[in-house]
Amino acid sequence: MEYNFAQIEKKWQQYWADNHTFQTNNDSSKPKYYVLDMFPYPSGAGLHVGHPLGYIASDIYSRYKRLKGFNVLHPMGYDAFGLPAEQYAIQTGQHPATTTENNIARYRQQMDKIGFSYDWDREVRTCDPAYYKWTQWAFLKMFDSWYDKDLDKAVPIATLIEAFEKNGNTAVNAACGNVKTFTADEWKSMSETEQRAVLMQYRIAYQGETTVNWCPKLGTVLANDEVKEGLSVRGGFPVEQKKMKQWQLRVSAYAERLLSGLDGLDWTDSLKEMQRNWIGRSQGAEMTFKVYNGDKEYDMVIFTTRADTIFGVTFMVLAPESDWVGKLTTPEQKEAVEAYLAAAKKKTERERIAETRHVTGVFSGSYAVNPLTGDRVPVWISEYVLAGYGTGAIMAVPAHDSRDYVFAREFNLPIIPLIEGCDVSQESFDAKEGIMCNSGFLNGMTVQQAIPAAIDYVESKGIGKRKINYRLRDAIFSRQRYWGEPFPIYFKEGTAYAMPEDKLPLELPAIDEFKPTETGEPPLARAKEWTYEGWPIEKSTMPGFAGSSAYYLRYMDPKNDKALVSREADEYWRNVDLYIGGTEHATGHLIYSRFWNKFLYDLGYVCEQEPFRKLINQGMIQGRSNFVYRIKGTNTFVSCGLKDNYDTTEIHVDVNIVHNDRLDLEAFKAWSPEYATAEFILEDGEYVCGYAVEKMSKSMYNVVNPDKICADYGADTLRLYEMFLGPLEQSKPWDTKGIDGVHRFLRKFYRMFLNEAGEFCVSDEKASAAELKTLHKLIEKESWDIEHFSFNTTVSAFMIAVNDLAALGCNKREILEPMVILISPFAPHVAEELWSLLGHKETITYASFPEFNPAYTVEDSFEYPVSFNGKLRFKITLAKSLSQQEAADAVRSDERTAKYLNGGTIKKIIVVPSKIINVVC
RNA sequence: GCGGGCGUGUUGUAAUUGGUAGCCAAGCUAGACUUAGGAUCUAGUGCCGUAAGGCGUAAGGGUUCGAGUCCCUUCGCCCGCACCA
């Protein structure tokens, strides 16, 4: 009987759902294993074949782990707040909740068809008030905490107030904004508003003025990871730098812990490296330069990693946004500086980047004094210095920094080389190597010696100190949008107050329009009645990463309305053992989640410092587009191989009407009225399409829908094929060509149980040695491969095993029953069907992974290839039990050996156990 | 520019981690069977050569009895970051 996948899959999906087969318990004597997928944003386009790649892999691993005796947590949910639903709402007036609800239903339907073993009773949605209650709760905890650098952790703000009341803020070592020092008495004499303004500088979640990425087109601010090359990641709109008062999370306080925590994680090197770059630790020194605007004197602090080059400082540079600009602009230069600032301000981030090579700058009129040489150097202002890094001011050493060099050349500033023998006539010498010169007491040292020596010196003179700087900045946490979590914050006479925890969740109010208001306020400003005790509530909402930062914790205990996660659930599941998802979250979600988790750890709400123990990035599946070639000015299409004989236009054609690059002519005519009368010039009676690898998208007509594959070939074939396509981590184009291979394999396997007449044909005969060997080789290979996430080779191994068994004519229960268990992680539906045919009442979930018995695979003799001087000559059959010496003797006495010696002598014989013998002449 | 990775048949890929390169598929070529299907089965399929044999893992060099794998140089491709002082 034919393998009727449609019927089988429907039957078992229904069975699993009805029986809650994959429901997971929080108390079990089994060891736990937590397998997590990055939950999807339910977009309107539905899933394409690229999305399930990681889900299939994690499902295989989950099913495998269950068979291995683990209590597996494998949940799924939806990252359901976000911009697209809101933009759709603006266009259509449909509430984002409705669109989101519909999209989720579609996603669920598509996922169900693939046969995942999720525990759907644990589903979470970030837009559900019962869920975002805990996002808001975490925010309140951050609002109510500060970072104590001495304890190196976050602690409740009450401890800070206590400290202020005792000693003011002088003894407090906190990660905080700019605050003046004050005594206990001064603190006590402050008004509540003043005190709250001070505390705001210390909170982990705080509101502060900072330069932000403002996207006018989206009408919202964006975090650094949401901007790429000066454009918004969503939509690709220009982004500008703007000073604004925004909610922020003090992620920077965790920079060092986020960095050192990476060492213990089982992530790929490239991903760890990306996070290291993003955190951007650099070790150097802060130094104080005296600066003079006329006769006004100031102390200006700069950051440098090259303290050794201080003798080569020939000018200073300020970022245009730096506070020093105002202080150091002299009356004579005022006009020029203002013109420069205005021009800089007008540029979008994109333009600034595009002009990287073009140097701009203006002289402030002021001078600085080099603390070591006493030299007077001019202070300039230039865009190439960033306000947000270090102190927003630098000492410029044109001889040894390429950016300073270009600037010095442009404005004719002096260049003093500091390393013996270096040539700075054409370019700067940036390398940290060589012997110092022109550098006073540093002369004669290597650069590596000079750096610490210079810092020691400035530290001893009190003009500088060691300092570690991080690129990682605090995360901008507010968005001027509707479809996100509201802030549980209200403003009493302009001062921010937290709402009490028991008022959570603070639900999104209903509004009738989702656009920003005419006055540029966020959409929530339309909710006039929305107040807390008569005071206005914060109008912006939280960003996308808020809801996804702790969702893995919520799955552990999704129905708990007393806590984000109970202590028992947290201590049982601890953290995610295996996390599978895309690499695009490397510097966003994966940093924020780690931060969020560490914060909760500090306050004692979770027991693990790191949320994701092992992480695998599945590759992207690209589209494989097909083309037809229309002869210009006609409605005639020429097959790909003949297209060069004509003047043609290349047209994307829907890949769903193309099979193995052959166009379905009737379907093509029906595809669009334009082609109804199309004519074709064929090759061997067929129309062959051209192809190209592109991003999978609607406009390229190359989207392959998993539903269609499930309908045509079945979910099991889709699952096997997605794995068979290549290594999990590798990006690859989707090519339906080749899917027949795995489908044929499944049919072949199925036919081992049911003959053509549909009769069960499995016998209870004893298995032969050859059959047992095939089985146990597969068990060994599959275990090793799955543990190493090499799923493509597992599928191959399966095909080999089934080919071998078919050749042996094997239809024995002793072999086939374990085979069914082995295939079940990959092709669960057909496995369940065969399992029940074999007479089992319970599902395969209760079975256990077959034990590997090496005794069955041992060979008593082995064909050793024999090489002479590394060149393969012949093979010799030897008993496996022979020692190396005995094997060598056997080769020596073999008559073929003489043939290859040509009268020479054997120098040595190398025997590599079970592999090869090499004879050196 | 910096960082990470990759380069193997016509195509996707494999190689027990230094041990017979090309497994398993796709495609192609023959053939069998047929209810002519996108079914099933058999054989062949890296290159040169009738053959023995030789050559082959981007190119060149090195280490080794032995290199796709390790080291150096060059070329090419992909990804990430990018004025971070």
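Worth saying up front: this structure is predicted, and the values here are computed from it rather than measured. Here is how names work: the chains are called A, B, and so on, in the same order as the sequence lines, proteins then strands, and each is numbered from 1. What's counted below: heavy atoms across the whole structure, side chains too, no hydrogens, waters or symmetry copies.
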- Given the 90°-from-0 boundary between syn and anti, B:U40 should be labelled anti
- Counting side-chain heavy atoms from C-beta on, which of B:A25, B:C41, B:G80 comes nearest to A:M274? B:G80
- May I have the distance from A:D225 (atom CG) to B:G80 (atom C1'), rounded to whole angstrom? 14 Å
- Message: Can you tell me if A:Y384 touches the phosphate of B:A85, counting only side-chain N or O atoms and a distance under 4.0 Å to OP1 or OP2?
- Response: no
- Message: Taking the minimum atom-to-atom distance to the side chain of A:N918, which one of B:A85, B:G19, B:C24 wins?
- Response: B:G19
- A:F724 near the nucleic acid: base, sugar-phosphate alone, or nothing, with a heavy-atom cut-off under 4.0 Å? base
- Which one, B:A39, B:C24, B:A82, comes nearest to the side chain of A:R471? B:A82
- Query: When we call it a touch if two heavy atoms are under 4.0 Å apart, what does A:P727 touch: a base, just sugar-phosphate, or nothing?
  - Reply: sugar-phosphate
- Taking atom C1' in both B:G76 and B:A82, what distance in whole Å separates the two? 23 Å
- Glycosidic class, syn or anti, of B:G9 using a 90° window around 0: syn
- Task: Would you name the heavy atoms of A:D404 and A:F315 that are closest together and state the gap between them?
- Result: O-CZ, 3.7 Å
- Partner of B:C47 under the Watson-Crick or G-U wobble criteria, both distances under 3.5 Å, comes out as B:G54
- Task: Could you work out the separation of B:G68 and B:G22 based on their P atoms and round it to a whole Å?
- Result: 12 Å
- Item | A:R751, nearest nucleotide to its side chain (from B:C41, B:A14, B:G4) | B:C41
- Item | Assigned glycosidic conformation for B:G37 [threshold 90° from 0] | syn
- Query: Side chain of A:W278: nearest nucleotide among B:A85, B:A26, B:C81?
  - Reply: B:C81
- Message: Assuming nearest nucleotide by heavy-atom distance, tell me which of A:V919 and A:S867 is located more 5' along RNA chain B.
- Response: A:S867
- Query: Touch check for A:Y713, heavy atoms < 4.0 angstrom, all strands: base, sugar-phosphate only, or nothing?
  - Reply: base
- Task: Name the nucleic acid region contacted by A:I910, choosing base, sugar-phosphate or nothing; use a 4.0 angstrom heavy-atom cut-off, strictly under.
- Result: base
- Query: Can we call the ring centroids of A:W734 and A:Y721 under 6.0 Å apart?
  - Reply: yes
- Query: Does A:R744 make a side-chain N or O approach to OP1 or OP2 of B:U40 shorter than 4.0 Å?
  - Reply: yes
